[in-house]
Amino acid sequence: MTLGADFYARSVHRVAQDLVGCVIRHGSAAGRIVEVESYHESEPACHAFGGVTRRNRVLFGAPGMAYVYRSYGIHACLNAVADVEGVGAAVLIRALEPLEGLEGMRSRRGVARDEQLCSGPGKLTQALDISLDLNGSSLLDGPIRIVAPPNGAAAPRVVRGARIGITKAADLPWRFCDAGSAHVSRPWPAAMWAA
DNA sequence: CATGGGATTGACT
DNA sequence: GTCAATCCCATGC
């Protein structure tokens, strides 16, 4: 069941935590979300910090949109816009456990081990063939869909810690991981605790 | 119009 | 462990 607008129209941290274990799909490729981070306009690591610009305007749009941006001139990173319209907040999808379309992922990624197909925000967009032209598309009825965990799926054990790769507001514990997964982008930091 | 930085990755020492 | 690649866009002149 595709997640609806009401799922995304909540506190971005709540949305982030609840996205762990959900399944994201684009075309024939799909994976289970095992790592996310939340970003909010109130803190300087967020692209929405400082108000609306052309680059970040999607962050302030309706909940459930995809915010895709280019990182370091090379990679695309995928976010799910959260909170109500007018508030700049989103969840960065950082890692997936590959579920379907592995052959396509391997050919796009060119790596040997399946653990490396989607174990990073730039890796998973390459694996799922998600590019900048999907910025502003809808996760509710667009080409990228996020669905709730299948009925009967074991609830992930979610742990939280500090976000990765940022220089500002680096101490906020807004990274959420599935503690049981071998597909996260980095090994567990020393300080991770139950969410 | 010129400049600088970044929510990363992969290759290399 | 270090470091370059590469480009969109925000900012400043």
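Letters A, B, ... mirror the listed sequences (proteins, then strands); counts begin at 1. Since the structure is predicted, the reported quantities are computational estimates derived from the model, not experimental observations.
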Short side-chain N/O contact to B:dT8 OP1/OP2 from A:R94, under 4.0 Å: yes

Salt bridge flag under 4.0 Å for residues A:R25 and A:E100: yes

Pairwise side-chain contact, A:R175 with A:I164, heavy-atom cut-off 4.5 Å (strictly under): yes

Nucleotide nearest A:R109 (side chain, heavy atoms from C-beta), chosen from B:dA7, B:dG10, C:dA5: B:dG10

Given B:dT8, B:dA7, C:dC7, the nucleotide with the shortest approach to the side chain of A:R70: C:dC7

Protein-nucleotide distance (A:Y39, atom OH; B:dG6, atom P), rounded to Å: 13 Å

Euclidean distance, atom CD1 of residue A:I74 to atom C1' of C:dC3 [Å, nearest integer]: 12 Å

Shorter than 3.5 Å, N or O on both sides, protein versus nucleotides 9-13 of chain C: list them out with atom names.
| unit_1 | atom_1 | unit_2 | atom_2 | d |
| --- | --- | --- | --- | --- |
| C:dA10 | OP1 | A:T53 | OG1 | 3.0 |
| C:dA10 | OP1 | A:R55 | N | 2.4 |

Test item: side-chain donor near acceptor, A:H40 and A:S42, under 3.5 Å: yes

Flag for A:H13-A:S38: side-chain donor and acceptor within less than 3.5 Å: yes

Short side-chain to backbone donor-acceptor contact, A:T125 and A:A76, under 3.5 Å: yes

Who pairs with B:dA2 - Watson-Crick or G-U, where each distance is under 3.5 Å: C:dT11

Watson-Crick or G-U wobble mate for B:dA7, both contacts under 3.5 Å: none

Selection: residues 61-68 of chain A, any non-hydrogen atom under 4.0 Å of DNA chain C: none

Pi stacking test for A:Y69 and B:dA7: under 5.5 Å apart, planes under 30°: no

